[in-house]
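For reference, the structure is listed below as structure tokens.
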Amino acid sequence: MQNNTPSHAHTTQQDTEGTMRDLWSPADLQPASMFDLGDSLASSGLVSREQIESARRILRQTPQGELHNILLDMGADETVVMSNVAAGAGLDFVTPHSTDVDTDGLALLGIDYCRDRRILPLQTGGDRLLLATASALDIATLDEVRTLMGGAQIRHAIAGPSIINAILDAAKETAPDEVDMQALLADVAEDDVELLEDADEDEVDDGSSSPIVRYVNHIIQTAVREGASDIHIEPSESTLKVRLRIDGVLYETMNPPRKMLAAITSRIKILASLDIAERRLPQDGRIRLQVHGRPLDLRISTAPTPHGEKTVMRLLDNRSIQVPLHDLGFSADTLQAWREEIAKPHGIVLVTGPTGSGKTTTLYGSMQELDTQRLNVSTVEDPVEYQLRGITQMQTHERIGMTFGAALRTLLRQDPDVIMVGEIRDQETATTAIQAALTGHLVLSTLHTNDAPSSITRLINIGIEPFLVAGAVNAVLAQRLMRCVCAHCGEDHAVSEETAAILAGYGLTQSTLREGTGCDKCRQTGMSGRLGIYEMLQIDDTLRDRIAGNPSVNELRKHCCESGMKTLRQDAIEKMVEGRTTLSEVLRVTTE
């Protein structure tokens, strides 16, 4: 670790060692009238006066900002600026390396805590902690760290923010996956957790104590690292378990002590701005975080159970829906047909399937292929889970009368070209969507049905006249998500007699099929990642005539299959033959 204090504030090595033995206190800061960072930099010629004046103008508009941060954003040399900040405050300027980090201090504070506050605990060779920060004025953080460190003696130094972030990023990559619960709870008394059971609002601050903060962070970070879509925190009479839904399947990953339930739940409620005193009623909320350097939304749901509140967190990552259509698993002919449908100027195009089958991802991927510069694209969603650029998004609010139907009618007065309706749930929404399609708009929406033909009969059963359904609906895409064979441990295996008999029923004579043997990359399951399987129903004139006659779902499905519609099972089997999934996964996800 190098000490780079400028020459005008240089001290001898003996003086530096002497100051290292002293505790820093706020009184060590020089009054602002005795030191002006801008004047110091300008007079030394290190930063131009034009840059200084420009930064001061920006600072006057951002009262909570600091001049040195604005200068760094403007491209000023970090070492020059931060060393002057240190000199003006009477502090050391350090250039730490990863080997200088106090690992115990970093583990206690947490990497995310340090990154958020731009601080870095460093070794001093003694029993004191050297805390490098990117600000000389953040006294509150120093006091907070001192409290979290159990009143430890702390010496303050200044370091460049880019160096602090780089070291913390490197530490994040090498951080151990496992949490030593005994060490984590070593400085937390049992009473601190139990008080949350009957504590009032003033006492519940214990729920945000450092160990609980770190453990909740660890749960979320693990979920992000494993690619989980949901986190389940489930209490029983004597145990507490954390399960992650990965590739559509729940895996038990952690078993924290049962006594931590109240503190963990309170911490999550505080983050989601929920009522921490209400334990008898379900609550819903939302948390916005930055995890591993990227924004992440968590949809929170709590539900009372006989053994305490169960919490489920759904992870909403913008990167998960920014997937091009050609990467979703479409076969070439289905993808071409789907692109033709979403390019039409009017009509209804439906995506159907159960919850968690990837309908939203398909719709968002479809809208990314639209020319939003030329078209007015709008959505009605409940809730708006992902923010999309160039698209007008509206969220429904049932309690104030902003239903899907009401929001859709509003959008029809906004000169739309393409409208995406999150879900057609009732006759009002269906009627308005049909009217929009028949009056020259393209409507994209979803339904919860098991296959494509069922969507047609569902609209009729909702209360829409068959001839209107026949005239408005252009296509229906049913889909599911299937787990893929692990790319790291997948191998071709000989087909057993039982498997060969099943394949023969589909006219297949495969001698080998690809399966995963299990490795660390796939948690020893042999499966990693998911892809879509699709059933594409395009409405032609013949089918429109059939629909207008109000057929039963069995009659409609038989006609669609005879007309060449590829079913979900058939698409899944094709992907199995390609080696992308397994027979057991095909049988698990699809039906005849």
Side-chain angles (χ1 to χ4, degrees), residues 247-249 325-338 341 349-359 361-362 446-458 475-485 490 492-493 495-516 525-540 543 546 551-592:
D247 295 337
V249 179
L325 286 178
H326 60 263
D327 287 341
L328 294 179
F330 281 98
S331 59
D333 54 345
T334 304
L335 179 59
Q336 178 61 30
W338 180 250
E341 294 300 335
V349 181
L350 297 172
V351 181
T352 183
T355 300
S357 60
K359 300 186 297 297
T361 301
T362 299
T446 70
L447 277 176
H448 283 163
T449 59
N450 292 327
D451 55 27
S454 298
S455 298
I456 301 298
T457 56
R458 174 67 57 82
V476 183
L477 180 74
Q479 68 177 71
R480 299 289 189 279
L481 293 177
M482 297 179 60
R483 294 185 296 168
C484 303
V485 174
D492 290 333
H493 294 267
V495 173
S496 66
E497 293 183 4
E498 182 181 359
T499 301
I502 296 174
L503 295 177
Y506 295 98
L508 300 174
T509 58
Q510 301 294 119
S511 59
T512 62
L513 289 176
R514 194 165 186 80
E515 294 183 0
T525 64
M527 310 292 285
S528 179
R530 290 193 289 179
L531 79 160
I533 56 172
Y534 302 93
E535 181 177 283
M536 181 73 179
L537 172 60
Q538 290 180 284
I539 312 297
D540 57 17
L543 189 53
R546 285 290 187 106
S552 69
V553 65
N554 290 332
E555 293 173 346
L556 188 59
R557 181 170 181 79
K558 181 180 178 181
H559 173 80
C560 293
C561 291
E562 291 174 349
S563 301
M565 183 188 73
K566 184 193 299 181
T567 66
L568 287 168
R569 172 66 64 88
Q570 291 170 339
D571 193 38
I573 289 176
E574 287 185 5
K575 291 178 169 63
M576 177 198 69
V577 172
E578 295 170 359
R580 302 171 72 180
T581 190
T582 65
L583 179 59
S584 61
E585 188 70 3
V586 171
L587 298 177
R588 182 183 73 87
V589 174
T590 65
T591 58
E592 290 287 0

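Heads up: numbering here begins at 1 and tracks the sequence.
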Donor-acceptor pair between Thr362 and Gln479 side chains, under 3.5 angstrom: yes
Approximate separation, where rounding is to 0.5 Å, of Leu477 CG and Phe330 CZ: 5.0 Å
Donor-acceptor under 3.5 Å (Lys566 side chain, Thr334 main chain): no
Sequence-distant partners of Arg530, salt bridge (charged side-chain N to carboxylate O under 4.0 Å, His left out), two or more places apart: none
Rounded distance [0.5 Å steps], NE2 in His493 versus CG in Leu513: 10.0 Å
Sequence-distant partners of Glu555, salt bridge (charged side-chain N to carboxylate O under 4.0 Å, His left out), two or more places apart: none
Cys560 SG to Ile456 CD1 distance, which is reported to the nearest 0.5 Å: 8.0 Å
Pro453 backbone acceptor or donor facing Arg557 side chain under 3.5 Å: no
Non-hydrogen side-chain atoms of Lys359 and Leu447 separated by less than 4.5 Å: no
Any side-chain heavy-atom pair of Leu328 and Trp338 under 4.5 Å: no
Arg580 side-chain N/O to Glu574 backbone N/O, donor-acceptor pair under 3.5 Å: no
Shortest non-hydrogen contact from Ser454 toward Val553: OG-CG2, 3.5 Å
Which atom of Gly356 lies closest to which atom of Leu481, heavy atoms considered: O-CD1, 3.6 Å
Any side-chain heavy-atom pair of Leu503 and Met576 under 4.5 Å: yes
Residue pair Thr581 / Ala572: nearest heavy atoms and the distance that separates them: CG2-O, 4.1 Å
Side-chain heavy-atom pair Gln538, Val349 within 4.5 angstrom cut-off: no
Nearest heavy atoms of Met536 and Met565, plus distance in Å: O-CG, 3.4 Å
Heavy-atom side-chain contact between Tyr534 and Leu335 under 4.5 Å: no
Value rounded to 0.5 Å, distance of CZ in Arg546 from CD1 in Ile539: 12.5 Å
Any side-chain heavy-atom pair of Asp247 and Thr525 under 4.5 Å: no
Whether Asp571 side chain and Ile533 backbone form a donor-acceptor pair below 3.5 Å: no
Closest approach of Leu531 to Cys484 (non-hydrogen atoms, all atoms of both residues): CD2-SG, 3.3 Å
Leu537 and Leu543: CA distance, side-chain angles, deciding distance, side chain to side chain contact (heavy atoms under 4.5 Å, CB included) verdict: CA-CA 10 Å; Leu537 172 60; Leu543 189 53; 3.6 Å; yes
Atom pair CZ (Arg588) and OG1 (Thr582), whose distance is rounded to the nearest 0.5 Å: 9.0 Å
Exercise: do Asp333 and Ser331 side chains pair donor with acceptor under 3.5 Å: yes
Val586 and its side-chain contact (heavy atoms from CB on, under 4.5 Å) partner, picked from Leu568, Ile573, Ile502: Ile573
Backbone N/O of Arg483 and side chain of Glu585: donor-acceptor pair under 3.5 Å: yes
Taking every non-hydrogen atom, the tightest pair across Arg514 and Val485: O-CG2, 3.7 Å
